[in-house]
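Here is the structure we will look at, set down as structure tokens.
Because the structure is a prediction, the values reported are computed rather than measured. Counting convention: from 1, in listed order, for ligands and their atoms alike.
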Amino acid sequence: MKAVFFGTQPYDQESFEQLNQTYGLELVFQTSHLNRDNVALARGAQIVCIFVNDTADAETIRGLAEEGVKLIALRCAGFNNVDLKAAAQYGIPVVRVPAYSPHAVAEYAVTLMLALNRKTYRAVWRTRDGNFSLHGLLGFDMYGKTVGVIGTGKIARVLIHILRGFGMNVLAYDIRPDEAFAAAEGITYTTLEDLYAQSDIITLHCPLTDQTRHMIDAAAIARMKPGVMLINTGRGQLIRTADLIDGLKKKKIGSAGLDVYEEEAAYFYEDTSDRIMDDDVLARLLSFNNVIVTSHQAFFTREALDNIAHTTLQNMLDFEQGKPLVNEVRIDQ
Ligand code: NAD
């Protein structure tokens, strides 16, 4: 069975080709992101394999169906970029990699917290330039501080365990709270209102849905503690970026660590260093010395890439062999 990969980077191709020696599928790698204008690249393939910044909206899925595509295989966990109703309408199942390494993302969220807190990125620039002053680098002890965790799924649970190791207090919010987990970790579920009001650090680990889109907006920011640190390794659209910028300018937000960005598809994963940046919002974010923007890299560990390739190829093989699709995304998920 033939699978066309969209949005492929060299490291994707390497990990998939290596593992495919045991799966024996026909893999074709395209660098461009899937969208409604390039569905023809899928011609002759039964499977398309996509990542976070590919677009599988209704129009694109219609085009894929016309090209004879029978399966959409996401090589990521989130599926907000796929119109599941349209896929169901054309009888195209959608599979994903529900968990490839919650450790990778959780550990990266901690990386952002510590880097922002202790300003390590600024310290490195300074010492390279012969500046050994500590002015402006003052941080705080993580121990004893309160962190608010929104969404307590697989990634957040690993993160909470790490943060409890620092001796932090954890306030959690989830639409499906797990009190047994809370008791085991010694954390407290609370309301969003209370989490915003009490937390020194707020970190986002819920999926992007109609309910969570722009949940961090001016009204939410107004309820937060002055100087709060905001971490987003979830999805860019969880935050209304214009409101975040306003909060940063007013010094209400003390710092922000963003591994994802609302309009990231035009920039992330590409080297655009020889172009003039035409996204004024991204340019403004990059201009703050208390903001770290990284290119959706929280997942990017050796272990995660191996697991992604393994699960994705197994999903494809199961489809080819008519086996149950254990990682199928259901519309009500
Ligand atoms: P998960 O499905 O295990 O957990 C998500 C949790 O969010 C669940 O407990 C769910 O009940 C909760 N939730 C759903 N709607 C909510 C709402 N409205 N308010 C509060 N909580 C809500 O998912 P996960 O594996 O922990 O991943 C979380 C998210 O992280 C993914 O959806 C994805 O968007 C993102 N992610 C980012 C990267 C990266 O590289 N930056 C990598 C993997 C995943």
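Counted by atom type alone, Q314 and Y23 present one or more donor-acceptor pairs between their side chains at under 3.5 Å. Under the 3.5 Å distance criterion, with hydrogens and angles disregarded, no donor-acceptor pair is assigned to the side chains of T55 and D57. For E262 and T241, the side-chain atoms include at least one donor-acceptor pair closer than 3.5 Å.
A donor-acceptor pair under 3.5 Å is formed between the side chain of K252 and the backbone N or O of M224.
Every protein residue with a heavy atom nearer than 4.0 Å to ligand 1 is included here: Y100, V105, G151, T152, G153, K154, I155, Y173, D174, I175, R176, H205, C206, P207, Q211, T212, T233, G234, R235, D259, H296, A298, F299.
Cation-pi check for R275 over Y267 is met; the charged atom lies under 6.0 angstrom from the ring centroid and within 45 degrees of its normal.
Side-chain contact between K85 and I331 is present, with at least one heavy-atom pair separated by less than 4.5 Å.
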